[in-house]
Visitor: 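Pasting a structure here, questions to come.
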Amino acid sequence: MRVFVALILIIYLIGVGVVLSPTIKEKWNTATASDLTASVIRELPYAFAWPVRVYYSLTGHTPSPSPSPSP
């Protein structure tokens, strides 16, 4: 069971790296370290949600809009 969980975790982290790679590649030589860090942090929520986007693309679903908070 531990091997299965470790395999899922490794696949998930590789996917996060794949999603973040264009941002890192774009900023690596041209931006300061703080700008690179800020860009990566700004992209993290999008990168962490890659399994949801894969699921939606495979099933043809469209994400529902989030409900607006009530006053």
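Because the structure is predicted, anything quoted here is derived from the model rather than measured.
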Visitor: Linking directly or through intermediates, with side-chain heavy atoms under 4.5 Å: list the remaining ILVMFWY members grouped with I41, chain and number order.
Guide: none
Visitor: Tell me every residue that passes side-chain hydrogen bond (donor to acceptor under 3.5 Å, both in side chains) with S34, counting only those two or more places apart in sequence or in another chain.
Guide: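 Expected list: T32.
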Visitor: Among Ile, Leu, Val, Met, Phe, Trp and Tyr joined by side-chain contacts under 4.5 Å, find the other residues sharing a cluster with I14 and list them by chain and number.
Guide: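 Under the 4.5 Å side-chain rule, I14 groups with I10, V18.
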Visitor: Taking ring pair (Phe, Tyr, Trp, His ring centres under 6.0 Å) as the definition, give me every residue that meets it alongside Y55, ordered by chain and number, with sequence neighbours left out.
Guide: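 Once residues adjacent in sequence are excluded, the partners of Y55 under the ring pair (Phe, Tyr, Trp, His ring centres under 6.0 Å) criterion are H61.
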Visitor: Could you tell me which residues satisfy side-chain hydrogen bond (donor to acceptor under 3.5 Å, both in side chains) with S21, sequence neighbours excluded, listed by chain and number?
Guide: none
Visitor: What residues join I24 in its hydrophobic cluster, counting side-chain heavy atom gaps under 4.5 Å, either direct or through other members?
Guide: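 Its cluster partners, ordered by chain and number, are L7, L9, I11, Y12, L13, V16, V19, L20, W28, L36, V40, L44, Y46, F48, W50, V54, L58.
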